[in-house]
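Residues take their numbers from the sequence shown, with the count starting at 1.
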Amino acid sequence: MRRRLSRAVGALVFAFAATAASSAAVAADAFPSKPIRFVVPAAAGGPTEIVTRLLAERMTQSMGVSVIVEAKPGAGGNIGADAVAKAAPDGYTILMGTIGTNAINQTLYKAMPFQPLKDFAAVTQVVSYPLVVVVNPKLPIYSVADLIAYAKAHPGKLNRASGGSGTSMHMSGELFNEMAGVQMQHIPYKGSLPALTDVIGGQADLAFDSLVIAQPLIKAGKLRAIAVTGPSRSPAAPDIPTVAETLPGYAMTSWIGVFAPAGTPRPVVDRLQQEIARALADPRVREQLTSQAADPVASTPDDFARFTADETEKWAPVVKASGASVS
């Protein structure tokens, strides 16, 4: 009797598993059947939105449905990220996450509305890119050595603008403060454009920001570039030295990548990854990205999940050492 009951239960479990797998496969086969909402947790006009719109255009063509970009900034990206974390796990609402929303904020914010490593399914890393250190041209700062000397001669007097608390722009400056032994005051803005506008106007002195956004302003003479933050010089701006050429060991590479709500069926995650990888392989898309100092990645979901966990662990001690904290 017990043996027959055990066999019956086993058969039911197997049937349930088979049904669940079949349902996931059917969902993936039918996906997508309606527009996809691509949430950008940053201000319009910034590097995250620029890359997202480029991908969305290509994905719309290849997937046969509209991929709609929605900017949802605020709270260091947490507002937009939280909206996706709480969305239905069906692949129709996805996030262009950043190093801030999905790595740094976990330590920076005292209270998080979501858990980055638990509430998302990693899809793929899209690009990585260095930042550029820019100063107001009126300042007598022409190099990293000049910046360090000036900051030490005027402790606490330099104001450093960023695109928001928890962003790579914010934490790259905190890492610089720690390694150079200086103290520059951080002023968070709602995006790169207002931050750089105030550096140009003299309301702020300098910024660590995206080369994508800053390069036209550098070429126009409105900002002076003194260094890039990556481990090597950028092919998009080979004449700009790295911070590490003066401050050995310094390296900050920002990144963005796609996440779906946790519980999204793996076949749907895989389909999204494949479509994004296809878009990133498009020569026109790659040319637009590399010309703006962005390096296409297209990692697998598993690799991106491990990368995100590693980045969270990497930046936690930097955040804590800086003393930075957001309520």
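- Judged by distance alone, the side chain of T229 and the main-chain N or O of L131 form a donor-acceptor pair under 3.5 Å.
- Nearest heavy-atom pair, G166 versus H170, reported as atom, atom and distance to 0.1 Å: N-ND1, 2.9 Å.
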### Query
Hey, mind stepping through N78 and N105 against side-chain contact (heavy atoms from CB on, under 4.5 Å) and telling me if it holds?
CA-CA 8 Å; N78 285 347; N105 287 1; 2.8 Å; yes
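- Checking side-chain atoms of R271 against main-chain N and O of F31 turns up a donor-acceptor pair under 3.5 Å.
- Annotation: Q61, atom CD; neighbour count of heavy atoms from other residues, nucleotides and ligands within 6.0 Å is above 12.
- T264 OG1 to I94 CD1: the interatomic distance, rounded to the nearest 0.5 Å, is 10.0 Å.
- Pairing each heavy atom of A121 with each of V269, the nearest pair is CB-CG2, 4.3 Å.
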Scan the side chains in residues 79-91 for donor-acceptor partners under 3.5 Å anywhere in the protein, sequence neighbours excluded, and list what turns up.
from, atom 1, to, atom 2, distance (Å)
D82, OD1, K86, NZ, 2.4
K86, NZ, P113, O, 3.0
D90, OD1, Y92, N, 3.0

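- Here the side chains of T98 and T101 are in contact, with some heavy-atom distance below 4.5 Å.
- Neither side chain, T312 nor Q106, offers a donor N or O lying under 3.5 Å from an acceptor on the other.
- Annotation: side chain of M184 is in contact with side chain of N177 (closest heavy-atom distance under 4.5 Å).
- Under a hydrophobic clustering in which Ile, Leu, Val, Met, Phe, Trp and Tyr are joined whenever their side-chain heavy atoms come within less than 4.5 Å, directly or via other members, V199 and V182 fall into different clusters.
- Ring pair F304/F307 is parallel by interplanar angle, where below 30° counts as parallel and above 60° as perpendicular.
- A pairwise comparison of heavy atoms in P235 and P238 identifies O-CD, 3.4 Å as the closest pair.
- In this structure, K190 places its NZ atom where only 12 or fewer heavy-atom neighbours from other residues, nucleotides or ligands lie under 6.0 Å away.
- In the hydrophobic clustering of this structure, I104 does not group with Y189; members are Ile, Leu, Val, Met, Phe, Trp, Tyr whose side-chain heavy atoms approach within less than 4.5 Å, directly or through other members.
- Residue P73 comes nearest to A43 through the heavy atom pair CB-N, 3.6 Å, listed as atom of the first residue, atom of the second, then distance.
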### Task
Check the pair D282, R286 against salt bridge (charged side-chain N to carboxylate O under 4.0 Å, His left out), reporting the backbone distance first and the verdict last.
CA-CA 6 Å; D282 183 296; R286 291 188 72 86; over 6 Å; no
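- For the pair L95 and P41, the minimum side-chain heavy-atom distance is below 4.5 Å.
- Of all non-hydrogen atoms in A42 and A71, the two that sit nearest each other are O-CB, 3.8 Å.
- Judged by distance alone, the side chain of S128 and the main-chain N or O of T253 form no donor-acceptor pair under 3.5 Å.
- Between the side chains of Y129 and D295, no donor N or O sits under 3.5 Å from an acceptor N or O.
- Within the 4.5 Å cutoff, side-chain heavy atoms of P301 are placed close to those of R266.
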### Task
Please step through side-chain contact (heavy atoms from CB on, under 4.5 Å) for the pair V285 and E57, ending with a clear verdict.
CA-CA 10 Å; V285 172; E57 178 185 353; over 6 Å; no
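- Distance check, rounded to the nearest 0.5 Å: CG of D303 to CD of Q273 gives 9.5 Å.
- Between T246 and L147, every side-chain heavy-atom pair lies at or beyond the 4.5 Å cut-off.
- The pair R160-E174 meets the salt-bridge criterion, with a side-chain N (NZ, NE, NH1 or NH2) lying under 4.0 Å from an Asp/Glu carboxylate O.
- Checking side-chain atoms of N159 against main-chain N and O of L206 turns up no donor-acceptor pair under 3.5 Å.
- We find that R233 and E245 are joined by a salt bridge, their nearest charged nitrogen and carboxylate oxygen being less than 4.0 Å apart.
- Smallest separation of non-hydrogen atoms from A161 and A207: O-CB, 3.4 Å.
- None of I240, D209, V243 except one satisfies the side chain to side chain contact (heavy atoms under 4.5 Å, CB included) rule with V133; the exception is V243.
- Distance check: L158 CG to D205 CG gives 5.0 Å after rounding to the nearest 0.5 Å.
- Listed for the T124 side chain is no donor-acceptor partner under 3.5 Å among the backbone atoms of V126.
- Side-chain contact between S325 and K110 is present, with heavy atoms from C-beta onward closer than 4.5 Å.
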### Task
Determine, stepwise, if the pair L55 / L280 fulfils side-chain contact (heavy atoms from CB on, under 4.5 Å).
CA-CA 8 Å; L55 274 186; L280 291 174; 3.9 Å; yes
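- Atom CD of Q183 and atom NE2 of H186 lie 11.5 Å apart (nearest 0.5 Å).
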### Message
Before you tell me yes or no, could you show the steps for I276 and M59 under side-chain contact (heavy atoms from CB on, under 4.5 Å), namely the whole-Å CA-CA distance, both residues' side-chain angles and the distance that decides it to 0.1 Å?
### Response
CA-CA 7 Å; I276 294 166; M59 290 169 68; 3.8 Å; yes
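- Looking at V127 and W255, their side chains never come closer than 4.5 Å, going by heavy atoms from C-beta outward.
- Take A262 and apply the side chain to side chain contact (heavy atoms under 4.5 Å, CB included) test, not counting sequence neighbours, and it matches no residue.
- The shortest side-chain heavy-atom distance between S322 and E178 does not fall under the 4.5 Å cut-off.
- Under the 4.5 Å side-chain heavy-atom criterion for grouping Ile, Leu, Val, Met, Phe, Trp and Tyr, I50 is not connected to L54 through any hydrophobic cluster.
- Remark: T107 OG1 to M171 CE distance equals 9.0 Å, nearest 0.5 Å.
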Which side-chain N or O atoms in residues 212-226 pair as donor and acceptor under 3.5 Å with protein atoms at least two apart or in another chain?
from, atom 1, to, atom 2, distance (Å)
Q215, NE2, A236, O, 2.9
R224, NH1, L139, O, 2.8
R224, NH1, I141, O, 2.8
R224, NH2, P137, O, 2.7

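- At a threshold of 4.5 Å between side-chain heavy atoms, the hydrophobic network of Ile, Leu, Val, Met, Phe, Trp and Tyr places L272 and V65 in one connected group.
- In this structure, Y250 contributes its side chain and S172 its backbone to a donor-acceptor pair below 3.5 Å.
- Taken to the nearest 0.5 Å, the OG1 atom of T308 stands 6.5 Å off from the CG atom of N102.
- Here the side chain of S291 pairs a donor or acceptor atom with the backbone of E287 at under 3.5 angstrom.
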### Task
Apply side-chain hydrogen bond (donor to acceptor under 3.5 Å, both in side chains) to Q125 and S299, showing your working.
CA-CA 6 Å; Q125 184 182 349; S299 54; 4.7 Å; no
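- Note on M112: it clusters hydrophobically with V319, by side-chain heavy-atom contacts below 4.5 Å among ILVMFWY residues.
- Using a 4.0 Å cut-off between charged side-chain N and carboxylate O, R306 and D310 make no salt bridge.
- Between the side chains of R278 and Q274, no donor N or O sits under 3.5 Å from an acceptor N or O.
- At a threshold of 4.0 Å, the pair E49-R53 counts as salt-bridged, since one of the basic side-chain nitrogens sits closer than that to a carboxylate oxygen.
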